[in-house]
Amino acid sequence: MSSTLDFDLAETLSTIESASPLVNCVTNAVTVNCVTNAVTVNDVANATLYWGGLPVMSDDEREVGDMVAGAQACLLNMGTVSEEGEAAMVAAGESAGENGVPLVVDPVGVGATPTRDRVADRLVTDLSVDVLNGNYGEISAIAGEDADVRGVESVGEYADIAVTAMACARRTGAVVVASGETDVVATEDEAFEVHAGHEMMGRFVGTGCMLGVTLATFAGAADDVARAALAGTLAYGLAGEVAADGQFGDYAGPASYRVAFLDAIAGLDGVDLPDADSRIERVVEA
Ligand SMILES: Nc1ncnc2c1ncn2[C@@H]1O[C@H](COP(=O)(O)OP(=O)(O)O)[C@@H](O)[C@H]1O
Ligand SMILES: Cc1ncsc1CCOP(=O)(O)O
Ligand SMILES: [Mg+2]
């Protein structure tokens with residue numbers, strides 16, 4: 001039986017380039033256009049493009065179901081969720097379920113307000129979610145455990161996050177990616193720590209949102225969602241590392257690091273990553 005760990009990262013990156021999956025994103029207004037950047041680039045859309053996917057940011061209830069039906073993956077990001085946004089996310093998620101399109105949900109800020117708790121609960125209950133990605137606080141909130149989420153940031157300690165992520169996977173039926181200093185990828189049966197990333201990735205807004213679209217892009221070019229989630233989480237962290245190492249240009253702070261990070265995503269398939277396979281550790285097995 002093939003294991004979740006059976007993937008070759010270089011081959012995965014090349015598959016995405018050739019598959020060029022169309023990824024529909026119903027996402028928030030904060031990271032869609034990064035106002036801190038002179039060229040007002042779209043972080044979420046560009047992360048998709050730089051991995052080799054094709055982004056489309058359709059979020060109108062009149063068309064989103066049709067757009068998702070023709071896509072290879074769909075991301076729902078509830079960062080600035082409005083009533084219209086909630087209706088659009090449900091329409092997009094229902095279309096994904098009806099058309100067998102991998103669905104990734106980023107429950108941004110769940111645990112911070114009753115509204116976000118309700119919307120997140122509706123998405124994971126009413127939709128068939130393939131991958132759920134959130135920070136430690138958000139995943140703990142969905143698992144029904146103590147969570148401290150200030151705005152959209154996870155605060156506090158989560159010593160058992162791997163066990164919590166597995167509980168969240170059992171509750172939702174999704175592969176769960178709990179992001180933080182060490183990312184955890186969990187299914188109902190096992191949990192892995194992905195030892196990759198850099199603290200600079202936590203110093204600008206949008207890295208969780210960009211992780212979500214990374215997972216959607218990888219899932220859109222794969223036939224195994226759990227393996228795609230592991231590969232995407234690993235690739236994302238490695239891109240953060242090689243950007244921090246200066247391999248994609250010097251940087252003076254988080255704003256210029258963000259540009260180097262985007263360049264690292266675009267160029268990761270050309271970087272030698274000799275120890276990539278050793279970065280994933282199975283930490284819990286049911
Ligand atoms: N201190 C850190 N060290 C290494 N990687 C980090 C750190 N902080 C964030 N990251 C990475 O940045 C991405 C976003 O994580 P996180 O900040 O938890 O999400 P969010 O922005 O949704 O709160 C994840 O891939 C995570 O691994
Ligand atoms: C600050 C903020 N507020 C609503 S959505 C958002 C962006 C969250 O981005 P990330 O989850 O990647 O930090
Ligand atoms: Mg986030």
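We count residues from 1, following the sequence as given. Every number for a ligand or one of its atoms is a count from 1 in the order of the listing. The figures here come from the full heavy-atom set of this structure, side chains too, leaving out hydrogens, waters and symmetry mates.
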One residue to check: Asp183. Relative to ligand 1, which of side chain, backbone, both or neither has a non-hydrogen atom less than 4.0 Å away?
side chain
Can we say Glu86 and Arg122 salt-bridge, meaning some charged N sits less than 4.0 Å from an Asp/Glu carboxylate O?
yes
Nearest non-hydrogen protein atom, atom 1 (N) of ligand 1
Glu199 CA, 3.5 Å
Compute the ring centroids of Phe261 and Tyr236, then answer whether they are less than 6.0 Å apart.
yes
Got a salt bridge between Glu190 and Arg282, using NZ or NE/NH1/NH2 to carboxylate O under 4.0 Å?
yes
Closest approach of any protein heavy atom to atom 7 (C) of ligand 1, naming residue and atom:
His198 O, 3.8 Å
Side chain, backbone, both or neither: the part of Tyr136 lying under 4.0 Å from ligand 1 by heavy atom
neither
For Asp275, I'd like to know if atom CG has over 12 heavy atoms of other residues, nucleotides or ligands within 6.0 Å.
yes
Less than 3.5 Å between some nitrogen or oxygen of Thr207 and one of ligand 2, yes or no?
yes
Taking only heavy atoms of Glu153 into account, list the atoms of ligand 1 that are under 4.0 Å away from them.
23 (O)
Ignoring angles and geometry beyond distance, decide whether Gly180 reaches within less than 3.5 Å of ligand 1 through its nitrogen or oxygen atoms.
yes
Where is the tightest heavy-atom contact between Leu22 and Gly70, given as atom of each residue plus distance?
CD2-O, 3.7 Å
Heavy-atom pair with the smallest gap, counting every atom of Ala222 and Ala228
CB-CB, 3.7 Å
Element-labelled atoms of ligand 2 that are located less than 4.0 Å from some non-hydrogen atom of Gly208
10 (P), 12 (O)
Compare every heavy atom of His198 with every heavy atom of Gly240, then report the nearest pair and how far apart it is.
O-CB, 3.9 Å
Hey, is ligand 2 close enough to Val108 that some N/O pair sits below 3.5 Å?
no
Is there a continuous path of hydrophobic side-chain contacts, each under 4.5 Å between heavy atoms, that joins Met67 to Met89?
no
Counting non-hydrogen protein atoms only, what is the nearest one to atom 23 (O) of ligand 1? Give residue, atom name and distance.
Asn135 ND2, 3.0 Å
Can you sort out which atoms of ligand 1 are near Gly202, meaning under 4.0 Å from one of its heavy atoms?
8 (N), 9 (C)
Between ligand 2 and Met210, is the shortest N or O to N or O distance under 3.5 Å?
no
So which heavy atom in the protein is nearest atom 21 (O) of ligand 1, and how far is it from that ligand atom?
Gly208 N, 3.3 Å
Neighbour count >12 (heavy atoms, 6.0 Å) for atom CG, Asp146:
no
Please check if atom CD in Glu199 has more than 12 non-hydrogen atoms from other residues, nucleotides or ligands closer than 6.0 Å.
yes
Looking at every non-hydrogen atom in both residues, tell me the closest pair between Cys168 and Ala143 and how far apart they are.
CB-CB, 4.1 Å
Ranked by distance from atom 17 (O) of ligand 1, the top protein heavy atom is Thr207 OG1, 4.2 Å
For Cys209, atoms of ligand 2 separated by under 4.0 Å from a heavy atom:
8 (C), 9 (O), 10 (P), 11 (O), 12 (O)
Please list, in number order, the atoms of ligand 2 under 4.0 Å from a heavy atom of Gly79.
4 (C), 5 (S)
Any idea which atoms of ligand 1 are less than 4.0 Å away from a heavy-atom of Tyr236?
13 (C), 25 (O)
Identify the closest protein heavy atom to atom 12 (O) of ligand 1: which residue and atom is it, and at what distance?
Met201 CB, 3.5 Å
Search all heavy atoms of Gly151 against all heavy atoms of Ala112 and return the closest pair with its distance.
O-CB, 3.4 Å
Counting from 1, what ligand 2 atoms have a heavy atom of Glu153 closer than 4.0 Å?
13 (O)
Relative to the heavy atoms of Ser179, which atoms of ligand 1 are at a distance of less than 4.0 Å?
15 (O), 16 (P), 18 (O), 19 (O), 24 (C)
